[in-house]
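The next block holds one structure in the form of structure tokens; read it before the comments.
In this text the structure is predicted, and so the values were computed from the model without any measurement.
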Amino acid sequence: SPAERATPLPLNLAPAPRPVARVGDTYFFGAQSLRQVTAVSSGSVTWTTTDGQRLRTGRDFFAPLLEQTQGDQRLTSTLQGQPGALWPLAVGKTVSFEETRTTRLLTLGREITTPIRWECGVIDTRVSQVPAGDFETYHVSCKAYRDGFFLPLQTVTWDYAPSLGHYVRRTWFDAGRQRETALAAALPAPLATPARIAATRQRLQQWQQQPPL
């Protein structure tokens, strides 16, 4: 189970500074899913995914997406507050900020605006075992709230590896079930050539197709 692969441990991790994304940094989640940094500005990072989709995020892995198009829906978000105040990560630190999420239904020409309050905290340290390896991580949890609702709309967690400058596991709830994605491989920008990316993807596909021992 995910809990068995990431048991909280009192690791001697130094406070983790905010990482610097570089154009070309590439992360594989499973054999099929790839995310690559294609642009970096002072306030945002643009990614492309395996299927050619473009995403725009802030510089903080735990903050919601700033822009994404899925089918006939285009999501854009603006953030109020300082999510970056959670850096440097250390157990016990917390931050809260507001998100104003706008969903545009392109085919219907409709627009829905949703205000959301996020509360995030660094819960513990742990060794996270994922296909890419074993990493000492900070476990970060964020809960999303709507006005008038006591229970959170959504809870998302990440295991962030300072040695990598990226998270190695993310969990969230979808349709009443806990979902998880785990890092399978990472290529820093200088190594992320098209040939290396293709070879890594092929290796991951072969590894996934092997029968269990």
Side-chain angles (χ1 to χ4, degrees), residues 1-7 9 11 13-14 16-71 75 89 125-140 156-172 174 177-213:
S1 72
E4 292 168 343
R5 297 198 300 273
T7 306
L9 293 169
L11 303 173
L13 274 180
R18 200 185 209 181
V20 177
R22 296 168 299 175
V23 172
D25 285 348
T26 303
Y27 302 93
F28 298 82
F29 292 89
Q32 304 299 327
S33 180
L34 172 152
R35 280 192 176 194
Q36 184 176 54
V37 177
T38 53
V40 178
S41 71
S42 59
S44 68
V45 181
T46 302
W47 306 76
T48 56
T49 65
T50 313
D51 56 6
Q53 189 180 128
R54 284 168 57 89
L55 311 172
R56 195 164 61 85
T57 69
R59 293 179 57 207
D60 308 307
F61 65 89
F62 50 85
L65 288 170
L66 299 178
E67 191 174 339
Q68 180 182 25
T69 300
Q70 287 184 310
L75 305 178
L89 302 185
T125 56
R126 52 184 63 192
V127 173
S128 299
Q129 297 174 314
V130 296
D134 294 0
F135 295 88
E136 294 188 341
T137 64
Y138 282 104
H139 185 63
V140 177
V156 190
T157 73
W158 297 264
D159 293 354
Y160 175 83
S163 62
L164 192 64
H166 201 272
Y167 63 86
V168 298
R169 176 181 284 114
R170 176 178 179 263
T171 70
W172 69 101
D174 182 32
R177 292 179 52 200
Q178 180 167 302
R179 311 281 183 167
E180 176 187 297
T181 184
L183 187 74
L187 291 174
L191 300 180
T193 62
R196 185 73 64 89
I197 290 171
T200 302
R201 179 180 279 151
Q202 184 177 31
R203 174 173 58 83
L204 292 173
Q205 288 171 345
Q206 290 171 345
W207 172 78
Q208 192 177 60
Q209 290 164 0
Q210 286 179 352
L213 296 175

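Annotation for L183 and A186: closest pair CD2-CB, 4.3 Å, computed over non-hydrogen atoms. Heavy-atom minimum distance, S163 versus F135: OG-CD2, 3.9 Å. Nearest approach of A192 to G24, heavy atoms of both residues: CB-O, 3.2 Å. Smallest separation of non-hydrogen atoms from Y160 and G165: OH-CA, 3.3 Å. The two residues A21 and V45 have their closest heavy-atom pair at CB-CG2, 4.1 Å.
Put simply, CG on L164 and CG on D25 are 9.0 Å apart, with the number rounded to the nearest 0.5 Å. Atoms OH and CH2, on Y27 and W47 in that order, are 5.5 Å from each other to the nearest 0.5 Å. Going from atom CG of L13 over to atom OH of Y138 covers 4.5 Å, rounded to the nearest 0.5 Å. Here the straight-line distance linking atom CZ of F62 with atom OH of Y167 works out to 13.0 Å at 0.5 Å rounding.
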Between Q36 and I197, does a side-chain contact (heavy atoms from CB on, under 4.5 Å) hold up when you go through it step by step?
-> CA-CA 10 Å; Q36 184 176 54; I197 290 171; 3.5 Å; yes

Stepwise side-chain contact (heavy atoms from CB on, under 4.5 Å) check, R170 with V156 | CA-CA 7 Å; R170 176 178 179 263; V156 190; 3.8 Å; yes

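For the side chain to side chain contact (heavy atoms under 4.5 Å, CB included) test, residues two or more places apart in sequence or in another chain that qualify with L65 are L55, T57, Q68. Residues satisfying the side chain to side chain contact (heavy atoms under 4.5 Å, CB included) test with R18, not counting sequence neighbours, are R59, D60, W87. Remark: T49 engages D51 in a side chain to side chain donor-acceptor pair (under 3.5 Å) (not counting sequence neighbours). For S44, the side chain to side chain donor-acceptor pair (under 3.5 Å) partners are S41, not counting sequence neighbours. Shown here are the side chain to side chain contact (heavy atoms under 4.5 Å, CB included) partners of P190, two or more places apart in sequence or in another chain: R22, P188. In terms of the side chain to side chain contact (heavy atoms under 4.5 Å, CB included) criterion, residue partners of T200 (sequence neighbours excluded) are, by chain and number, F28, A185, L187, R196, R203, L204. For H139, the side chain to side chain donor-acceptor pair (under 3.5 Å) partners at least two apart in sequence or on another chain are D159. For S42, there are no side chain to side chain donor-acceptor pair (under 3.5 Å) partners at least two apart in sequence or on another chain. Scanning for salt bridge (charged side-chain N to carboxylate O under 4.0 Å, His left out) contacts around E67 gives R56, R74, with sequence neighbours left out.
Between the side chain of T38 and the backbone N or O of T46, at least one donor-acceptor pair lies under 3.5 Å. Side-chain atoms of T137 come within 3.5 Å of backbone atoms of R126 as a donor-acceptor pair (strictly under, hydrogens ignored). The closest donor-acceptor contact from the side chain of R169 to the backbone of Q129 lies under 3.5 Å. The closest donor-acceptor contact from the side chain of T181 to the backbone of F29 lies at 3.5 Å or more, if one exists at all.
At least one side-chain heavy atom of V140 sits less than 4.5 Å from a side-chain heavy atom of F61.
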